[in-house]
Amino acid sequence: MNPEEDGPKRALTGTLVKVLMHRRDERGMALEPHASRCVRRGEVHELVTTDHWETDPGARIDRVGFLGFAEIGCAGVIDRGDEFWIGDQRVGTVLGFDACHYPNHYNILINTEVPVTGADLHLQPEMPVSFAPALLPVH
């Protein structure tokens, strides 16, 4: 993201449609080179937590926890550094995207202190999710 180019944007909301409860230590996801992705209303994308911080294109993402799948409620842009919320709980920040399943769905990678799963957070279908613009610039 380039602060000289980026302007304000709306938060994206959605709904959890499936809870996942597993984690992996050698998943082998690859970080897409794009710091943002446009999403459309009604699309379903996978939510994956990781403690990785590397943002170089192609960075290998191994330690992951799977939260679940969410249906996007309004079209918009998800940027690296956006805050990710489930209800009123801030879960982490968007690290980037893995496209191993695209065009079916993106894996939206969410940086957390430790990888957490849907079971760890006691998630249930129909819980609201949101991606809110970062409050501080991402370096």
Side-chain angles (χ1 to χ4, degrees):
M1 293 187 324
N2 181 343
E4 295 174 357
E5 297 174 357
D6 287 339
K9 68 173 186 173
R10 70 173 173 184
L12 291 178
T13 58
T15 305
L16 198 63
V17 297
K18 179 175 177 65
V19 177
L20 296 174
M21 306 171 84
H22 60 293
R23 60 176 40 90
R24 297 281 185 267
D25 289 327
E26 294 186 26
R27 177 57 179 82
M29 291 182 181
L31 196 64
E32 287 288 297
H34 316 289
S36 65
R37 296 284 77 192
C38 294
V39 293
R40 295 181 178 106
R41 180 180 179 182
E43 288 182 343
V44 175
H45 296 291
E46 192 167 2
L47 306 169
V48 181
T49 63
T50 182
D51 60 354
H52 289 274
W53 283 96
E54 181 66 48
T55 58
D56 288 341
R60 184 179 167 104
I61 308 296
D62 280 321
R63 293 177 308 278
V64 296
F66 295 87
L67 297 177
F69 288 88
E71 178 183 13
I72 304 300
C74 59
V77 178
I78 299 175
D79 289 308
R80 179 178 296 136
D82 282 355
E83 295 183 347
F84 175 70
W85 296 75
I86 298 176
D88 61 359
Q89 179 182 4
R90 184 183 176 279
V91 176
T93 58
V94 174
L95 176 69
F97 308 88
D98 168 78
C100 69
H101 300 297
Y102 191 80
N104 187 50
H105 67 274
Y106 280 113
N107 292 320
I108 301 173
L109 301 168
I110 300 157
N111 181 264
T112 53
E113 192 171 313
V114 297
V116 293
T117 69
D120 295 332
L121 299 182
H122 309 288
L123 301 183
Q124 295 294 319
E126 301 300 328
M127 292 179 102
V129 301
S130 61
F131 297 88
L135 298 177
L136 298 173
V138 177
H139 301 288

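Here the side chains of Leu123 and Ile86 are in contact, with some heavy-atom distance below 4.5 Å. Pro125 has its side chain within reach of Val19: a pair of non-hydrogen atoms, C-beta onward, lies under 4.5 Å apart. Side-chain contact between Thr13 and Val129 is absent, with no heavy atoms from C-beta onward closer than 4.5 Å. You'll find the side chain of Arg24 stays beyond 4.5 Å of the side chain of Asp62, heavy atoms only. The side-chain heavy atoms of Asn111 and Trp53, taken from C-beta on, include a pair separated by under 4.5 Å. The shortest side-chain heavy-atom distance between Gln124 and Leu16 does not fall under the 4.5 Å cut-off. Counting only heavy atoms from C-beta outward, the side chains of Glu32 and Pro57 never approach each other to under 4.5 Å. Considering only heavy atoms from C-beta on, Asp51 stays 4.5 Å or farther from Val114 through its side chain.
Once rounded to the nearest 0.5 Å, the distance linking OG1 of Thr55 with CG of Leu31 reads 7.0 Å. With rounding to the nearest 0.5 Å, the separation of NE2 in His52 from CZ in Arg60 is 8.5 Å. Here the straight-line distance linking atom CG of Leu109 with atom CZ of Arg27 works out to 9.5 Å at 0.5 Å rounding. Atom CE in Met21 sits 11.5 Å away from atom CG in Leu67 (nearest 0.5 Å). One finds the CD atom of Glu46 at 6.0 Å from the CE atom of Met29 (value rounded to the nearest 0.5 Å). Annotation: the span from Arg23 atom CZ to Thr49 atom OG1 amounts to 7.5 Å, rounded to 0.5 Å.
If you chain together hydrophobic residues whose side chains sit under 4.5 Å apart, Phe84 and Leu121 fall into the same group. With hydrophobic clusters built from ILVMFWY side chains whose heavy atoms lie under 4.5 angstrom apart, Ile61 does not share a cluster with Ile78. Linking ILVMFWY side-chain heavy atoms closer than 4.5 Å, directly or via other members, places Val17 and Leu20 in a single hydrophobic cluster. Cluster membership check: Val48 does not share its hydrophobic cluster with Ile110, using side-chain heavy-atom separations under 4.5 Å among Ile, Leu, Val, Met, Phe, Trp and Tyr. When hydrophobic clusters are built by joining Ile, Leu, Val, Met, Phe, Trp and Tyr residues whose side-chain heavy atoms come closer than 4.5 Å, directly or via intermediates, Ile72 is not grouped with Phe69.
With Thr117 contributing its side chain and Ala119 its backbone, the two residues share a donor-acceptor pair below 3.5 Å. Using modelled atom types, no side-chain atom of Gln89 and backbone atom of Val91 make a donor-acceptor pair closer than 3.5 Å. Not one N or O on the side chain of Thr15 forms a donor-acceptor pair closer than 3.5 Å with the backbone of Pro128.
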Side-chain atoms of residues 37-44: list all donor-acceptor pairs with protein atoms under 3.5 Å, sequence neighbours left out, distances to 0.1 Å.
from: Arg37; atom 1: NH1; to: Tyr106; atom 2: OH; distance (Å): 3.3
from: Glu43; atom 1: OE1; to: Arg40; atom 2: N; distance (Å): 3.1
from: Glu43; atom 1: OE1; to: His45; atom 2: NE2; distance (Å): 2.8

With a cut-off of 3.5 Å and sequence neighbours excluded, list every side-chain donor-acceptor pair involving residues 94-102.
from: Asp98; atom 1: OD1; to: Ala30; atom 2: N; distance (Å): 3.0
from: Asp98; atom 1: OD2; to: Cys100; atom 2: N; distance (Å): 3.3
from: Asp98; atom 1: OD2; to: Asn107; atom 2: ND2; distance (Å): 2.7

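Across every non-hydrogen atom of Val77 and Ser36, the tightest pair is CG1-CB, 3.9 Å. Across Pro115 and Gly65, no two heavy atoms sit closer than the pair CB-N, 3.6 Å.
The local environment of NZ in Lys9 is crowded, with over 12 non-hydrogen atoms from other residues, nucleotides or ligands closer than 6.0 Å.
Partners of His22 according to the ring pair (Phe, Tyr, Trp, His ring centres under 6.0 Å) rule, which considers only residues two or more places apart in sequence or in another chain, are Phe66.
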